[in-house]
Amino acid sequence: MNGNDAYISIRNVSKFFGTFQAIDDVSLDIAGGEFFSLLGASGSGKTTLLSMLAGFEPATQGDIFIDGQSMDSVPPNHRPVNTVFQNYAIFPHLNVRDNIAYGLRKAQLPRAKRYEMVDEMLELIKLPGYGTRKAHELSGGQRQRIALARALILRPKVLLLDEPLGALDKQLREQMQLELRLLQRKVGITFVFVTHDQEEALALSDRIAVMQGGRVLQVDTPAGLYESPNSRAVASFIGNMNFFPGKLRRNGTAGAVVETEGLGSLRLPQAPNGQPDGARVQVALRPEKFDLSVTKPDDRPSVEGRLANAAYMGERSHFYIAIDGREEPVAVSAQNRLRFGAPPGSEGKLWLSWSADAVVVLDAE
Ligand SMILES: Nc1ncnc2c1ncn2[C@@H]1O[C@H](COP(=O)(O)OP(=O)(O)O)[C@@H](O)[C@H]1O
Ligand SMILES: [Mg+2]
């Protein structure tokens, strides 16, 4: 994304708590209307970064711009943002309508207008007719939707969401993910969404920033991060990955080859940028990029292997294939399209093949 199109621009921001550095020189551009996620393990700095956007914490260094305006001396209540937290604190003594309308009281709107706006929000979050319910008469998912409505009714330009679905059980969480995505599309508000759940980030986001130790490792679309991770850390944080150590051989214009431990000599369709001839690299291949067959396929690279272990997972099976030159078996994932599907050649030897264009070359670590 071009920095000029950014609605939110985070420029070289660092944050220290005493001597501890929680955020280390982060720069990010977020477009208007984008569903942007901060994804990282607990302690990676997601909440700290969000708090600086909200204005609850000052940045130690760097600048934050929203809509072209520096947020440097702008207090939280004057920023065009609103925040929804994991522990959606809705007021227990107020009914749903008064909870949602809470922030509107300051705007001094007439009561009839406020109630009209609340009814619109209740339609939007699919809880029409719930206005007079009390907080304790609501499920966790319903309460979370009320918390969202309370933030959205103020029509912020940006909604900051800190693990808002974290307290919900898995089924409700997946349902709420879909609803949240549809809702965001409908209202067109920029969402900055914090999660430690990679599947959630993949399912919801236009783009994701992967964070670790206060730094941003990579920013890309979900497919970009999954198919072209820029480091072992990103590749292993999102999905599963097999890594094969190797050495890069550049052949001038003819492209490049990696001599790997396990997969033999891999011809790369495109020479990677960066690493010089002779560099130690690692080849990364996801489990579903492999195929298993009884006979050697003649149209794609392959090696001979032996089934070491298998796990039936319902919609898919995981196979672990022992190959020469490598201690750890290769993880292969196959969809169980046929009922009672078994790996081919499970009696003994089989061929492990892969699509050449799925190969990712990373720096050795
Ligand atoms: N107020 C604070 N004082 C000292 N350290 C803090 C404070 N807030 C966060 N931290 C530390 O900063 C790091 C990042 O925290 P946080 O942003 O909450 O991570 P995340 O939200 O990704 O789990 C953690 O190591 C945390 O302990
Ligand atoms: Mg957090």
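By convention here, the first residue in the shown sequence is residue 1. Each ligand, and each atom within it, is numbered from 1 in the order the structure gives. These numbers come from the heavy atoms of this one structure, side chains and all, not from hydrogens, waters or symmetry mates.
- Proximity of Ser51 to ligand 1 is not established, as no heavy-atom distance is less than 4.0 Å.
- Near the Mg ion (ligand 2), less than 2.8 Å away, sit the protein N, O or S atoms Thr47 OG1.
- Atom CG in Leu168 sits 6.5 Å away from atom CE in Met176 (nearest 0.5 Å).
- Within a 4.0 Å radius of atom 16 (P) of ligand 1, the protein contributes at least one heavy atom.
- Between Phe91 and Tyr102, the distance separating the two ring centers is shorter than 6.0 angstrom.
- Residue-ligand proximity: Gly40 is placed with every non-hydrogen atom at 4.0 Å or more from ligand 1.
- In this structure, the protein non-hydrogen atom closest to atom 24 (C) of ligand 1 is Gly43 O, 3.9 Å.
- Residues Gln144 and Leu165 meet the side-chain proximity criterion, which asks for heavy atoms closer than 4.5 Å.
- The protein non-hydrogen atom at the shortest distance from atom 6 (C) of ligand 1 is Phe17 CD1, 3.3 Å.
- Nearest protein heavy-atom contact of atom 11 (C) of ligand 1 is Phe20 CE2, 3.7 Å.
- For the 3.5 Å distance criterion, the side chains of Lys296 and Ser302 qualify, holding a donor opposite an acceptor.
- Side chain of Ser14 to backbone of Asp25: a donor-acceptor contact under 3.5 angstrom is found.
- Applying the side chain to side chain contact (heavy atoms under 4.5 Å, CB included) test between Leu161 and each of Leu148, Leu38, Val192, Leu204 identifies Leu148 as the sole match.
- When atom types are taken as modelled, the side chain of Thr190 and the backbone of Val158 share no donor-acceptor pair closer than 3.5 angstrom.
- Those atoms of ligand 1 that come under 4.0 Å of a heavy atom in Ser42, given as number and element, are 23 (O).
- Leu362 and Val234 fall into different hydrophobic clusters, where Ile, Leu, Val, Met, Phe, Trp and Tyr residues are linked whenever their side-chain heavy atoms come under 4.5 Å apart, directly or through other members.
- For ligand 1, the atoms sitting less than 4.0 Å from at least one non-hydrogen atom of Ala41 are 22 (O), numbered in the order shown with element in parentheses.
- In this structure, Arg326 contributes its side chain and Glu328 its backbone to a donor-acceptor pair below 3.5 Å.
- Ring-plane geometry between Tyr320 and His318 is classed as perpendicular, the angle between the planes exceeding 60 degrees on a 0 to 90 degree scale with a lower cut at 30.
- Here the protein heavy atom with the shortest distance to atom 18 (O) of ligand 1 is Thr47 CB, 3.7 Å.
- Each of the following atoms of ligand 1 lies closer than 4.0 Å to a heavy atom of Ala22: 12 (O).
- Aromatic ring pairs are classed by plane angle as parallel below 30°, tilted from 30° to 60° and perpendicular above 60°; the pair Phe35 and Phe191 is tilted.
- Using a 4.5 Å cut-off on side-chain heavy atoms (C-beta onward), Leu127 and Gln142 make contact.
- The distance criterion of under 3.5 Å between nitrogen or oxygen atoms is met by Ser44 with respect to ligand 1.
- Compare Lys46, Glu163, Gln212 by their heavy atoms: the one nearest to atom 22 (O) of ligand 1 is in Lys46.
- Between Gly45 and ligand 1, an N or O atom pair is found at a separation short of 3.5 Å.
- In this structure, atom 26 (C) of ligand 1 is not in close contact with the protein, since no protein heavy atom lies within 4.0 Å of it.
- Using modelled atom types and a 3.5 Å distance limit, the side chains of Gln275 and Asp363 yield a donor-acceptor pair.
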